[in-house]
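Just below is one structure, and these are the notes that go with it.
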Amino acid sequence: MITDELIYKTLKDRFGYDTFKPGQLAVIRSVLAGQATLAVLPTGTGKSLCYQLPVYLLGHTTVIVSPLIALMQDQVAQLNYQGEKRAVAINSSLEPRQKQLILGQLSQYRFVFMAPETISQPTVIQALQQCQIDLLVIDEAHCISQWGIDFRPDYLVLATIKRQLKPRATLALTATANAQVRHDILTKLDMQSANSVITSVDRPNIYLGVSQQVDEASKNRFLKQLVMESQGPGIIYFSSRQKTVEIATLLQETTTLKVAYYHAALSTKERFTIQQQFMQGHLDVICATNAFGMGINKADIRYVIHYHLPQNIESYLQEVGRAGRDGKPAYALLLATAQDMYLQQALISFGIPEVGLIQRFYQDPNLFKGSQGNEFELLRRYQQIGMEEQAVSELLKNRQKEKQFALQTMLDFLNLHGCRRQFIVNYFDEDPRQIEHDDQCCGEPNSTAFLEKLNLKKITNDKAPKTAGLDHWNGILKQLF
DNA sequence: CGCTTTTGCCGTATGGCAAAAGCGGTGCCATACT
């Protein structure tokens, strides 16, 4: 029996803290009791502690399923920094021989990180079956719902893998999941009887703004004015790679700000460099697609601007939630024109195979052997995991309907008359009456005046600092003499 | 899905018009080739 006393002692000894953040203790108790657990905790509140601490009280191997190689490597580096050497990430950056070696002595590790595509490999499962698995963690579990069907189908076989590994407990972790997504996660992981620990998604220090613009030219003008007058750093999100380049170039050429762009077509090296520069404070603005963000734990991001409509409320909140992690004021602004919905509309079916293609593929997969693109990779993988044509068609058809519905909800948010914060908490099944609406919480700004109200206006060089500095020195001189 | 850009046609000077093509996001893995 593990007592709370022992839990707190471990917290102090291993992590140096005296108290838990909201939700953490409940999750840890549940996991230690061997319960399947779903934890929805806001970003930046120490989700990783929820599995790291139990590992030290359980003593065998914990497997963490993570969506990105960069995330795994961050976590391993963080554990190493904490003095934990028994942590390893298994992914394609390893030499085949190294991988074999690690798999052969897997039980020596306490933390094993890998992507769903890795954990579903037969050799990996065999190696894991030789270990006692205390805990199976699904990090960023909303990926099951967001990516599982039309992007990374290996997220759908995690339930099967869980059955093969027989972990003492399973823990699904995410920052944003409404009732439907939570249901989806629990069903697809076959853990319907799980304990759910859910904290509020509300982030009171982030102003939520929507600004309607007549066309792209006026959007660009307002955007430029915003980034010039705002305290930074900030992120601008786009739904097009080309636009990230275009606007980053515009800002580089017409302002003195340090600007970079980021999207999935850049090389791993370029992506790494830009991310590092941003994290270390060498950039004012980053123009990015949704490729940028997961694992970005930068506390002082002052704004997140959406140049295009996000694909759904979850993505919007995930992206917005990267601002103001330090608890200081920050703002989110969605710039919108009437045409923006067509881009999202198009993306709903982009890269998803049509019924005709699914049919032809299942009749003779060899016809598409060299074909590249998400459609084909998706179909090949579905066939490998033994899904029938009919089931795949159904799944993809329903997925597109869901996406369509989610876009409609995003449009409802865009055209809302009323408190945007109340809309958001209501969407996540919380009581909207907990929000007291005022002009600091949300609005429809069409000038940069709101920045002053929020205390987010940039302090310009020719004003405050120098005078303030002199006054400061004069004060010290007076005290001295 | 709908807006923007390119192509094709006419037929031989300099565009004009309609049809067609292009755009438009997210990442693991493995294996075969250079």
Side-chain angles (χ1 to χ4, degrees), chain A residues 64-73 89-96 99-100 113-125 138-140 142-158 161 215-216 236-246 261-268 271-272 287-296 306-312 314-316 318-319 337-352 354 369-370 372-378 380-385 399-400 403-404 406-408 410-411:
Chain A
I64 303 106
V65 176
S66 172
L68 270 71
I69 293 175
L71 272 185
M72 306 174 201
Q73 286 171 340
I90 301 177
N91 56 49
S92 59
S93 70
L94 296 175
E95 300 279 328
K99 185 177 157 187
Q100 282 307 314
F113 293 85
M114 52 184 120
E117 288 83 357
T118 308
I119 203 175
S120 47
Q121 291 167 27
T123 53
V124 175
I125 295 178
I138 319 296
D139 200 9
E140 308 287 356
H142 59 279
C143 290
I144 293 171
S145 191
Q146 192 183 317
W147 283 353
I149 291 168
D150 56 3
F151 188 44
R152 294 176 66 176
D154 285 90
Y155 267 104
L156 304 184
V157 299
L158 289 177
I161 287 158
D215 58 17
E216 208 167 275
I236 309 171
Y237 275 109
F238 298 80
S239 300
S240 143
R241 293 174 181 177
Q242 209 188 311
K243 278 287 169 199
T244 66
V245 181
E246 204 178 288
Y261 60 85
Y262 185 104
H263 56 68
L266 301 181
S267 70
T268 313
R271 288 174 66 160
F272 182 78
C287 297
T289 61
N290 57 354
F292 184 77
M294 242 193 273
I296 298 295
H306 281 93
Y307 188 92
H308 288 133
L309 199 65
Q311 60 182 338
N312 54 46
E314 279 85 359
S315 304
Y316 172 74
Q318 281 263 340
E319 287 158 5
T337 69
Q339 288 80 41
D340 289 348
M341 66 163 290
Y342 299 120
L343 177 54
Q344 275 313 327
Q345 184 64 50
L347 286 175
I348 284 177
S349 44
F350 187 68
I352 298 181
E354 287 170 20
K369 215 160 184 185
Q372 303 218 333
N374 190 53
E375 298 94 317
F376 305 104
E377 281 180 37
L378 201 58
R380 278 192 280 266
R381 191 65 190 132
Y382 267 129
Q383 200 178 40
Q384 279 167 12
I385 64 179
R399 175 65 182 151
Q400 291 191 62
K403 280 179 150 183
Q404 189 68 55
L407 175 58
Q408 190 51 54
M410 195 63 229
L411 291 170

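Source: prediction; values computed, not measured. Computed from heavy atoms alone, side chains included, the values below leave out hydrogens, waters and symmetry copies. Here is how names work: the chains are called A, B, and so on, in the same order as the sequence lines, proteins then strands, and each is numbered from 1.
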Is there a donor-acceptor pair closer than 3.5 Å between any side-chain N or O of A:Thr244 and the backbone N or O of A:Arg241? yes
Using a 4.0 Å heavy-atom cut-off, does A:Ser349 contact any base of the nucleic acid, only the sugar-phosphate backbone, or nothing at all? nothing
Which residues satisfy the ring pair (Phe, Tyr, Trp, His ring centres under 6.0 Å) test with A:His263, sequence neighbours excluded? A:Tyr261
At 4.0 Å (heavy atoms only), tell me whether A:Glu377 reaches a base, stays on the sugar-phosphate, or touches nothing. base
Base, sugar-phosphate, or nothing for A:Ala346, non-hydrogen atoms under 4.0 angstrom? base
With a 4.0 Å cut-off on heavy atoms, is A:Asn91 in touch with a base, just the backbone sugar-phosphate, or nothing at all? sugar-phosphate
Just to be sure I understand the geometry, which residues of residues 288-295 of chain A put a non-hydrogen atom under 4.0 Å away from DNA chain B? A:Thr289, A:Asn290, A:Ala291
Flag for A:Arg380-A:Gln383: side-chain donor and acceptor within less than 3.5 Å: no
First contact, last contact: which nucleotides of DNA chain B are these for chain A, 5' to 3', heavy-atom distance under 4.0 Å? B:dC1 to B:dA30
Are A:Gln345 and A:Gln404 linked by a side-chain donor-acceptor pair shorter than 3.5 Å? yes
Let me check I have this right: for DNA chain B, each base becomes ., (, ), [, ] or |, based on Watson-Crick or G-U pairs with both distances under 3.5 Å. What is the full string? ((((((((((....))))))))))..........
Donor-acceptor under 3.5 Å (A:Arg152 side chain, A:Pro67 main chain): yes
For A:Arg241, which contact category applies under a 4.0 Å heavy-atom criterion: base, sugar-phosphate, or nothing? sugar-phosphate
Which residues satisfy the ring pair (Phe, Tyr, Trp, His ring centres under 6.0 Å) test with A:Tyr316, sequence neighbours excluded? A:His306, A:Phe413
Using atom C1' of each nucleotide, how far apart are B:dG15 and B:dG11 to the nearest Å? 12 Å
How would you label the contact of A:Arg380 with the nucleic acid (heavy atoms, under 4.0 Å): base, sugar-phosphate, or nothing? nothing
What nucleic acid atoms does A:Leu68 come within less than 4.0 Å of, heavy atoms only: base, sugar-phosphate, or nothing? sugar-phosphate
Taking for each residue the nucleotide of DNA chain B bearing the nearest heavy atom, is the 5' side occupied by A:Gly351 or by A:Tyr342? A:Tyr342
For A:Glu314, side chain to side chain donor-acceptor pair (under 3.5 Å) partners two or more places apart: A:Tyr427
Consider only side-chain N and O atoms of A:Ser239 and A:Gln344, and report whether a donor and an acceptor are under 3.5 Å apart. yes
Which part of the nucleic acid, if any, lies within contact of A:Gln311, taking any heavy atom under 4.0 Å across all strands shown: a base, the sugar-phosphate backbone alone, or nothing? base
What contact category does A:Lys369 fall into here, base, sugar-phosphate, or nothing, at under 4.0 angstrom with non-hydrogen atoms? nothing
Could you check whether A:Gln146 gets within reach of a base, just the sugar-phosphate, or nothing at all, counting any heavy atom under 4.0 Å? nothing
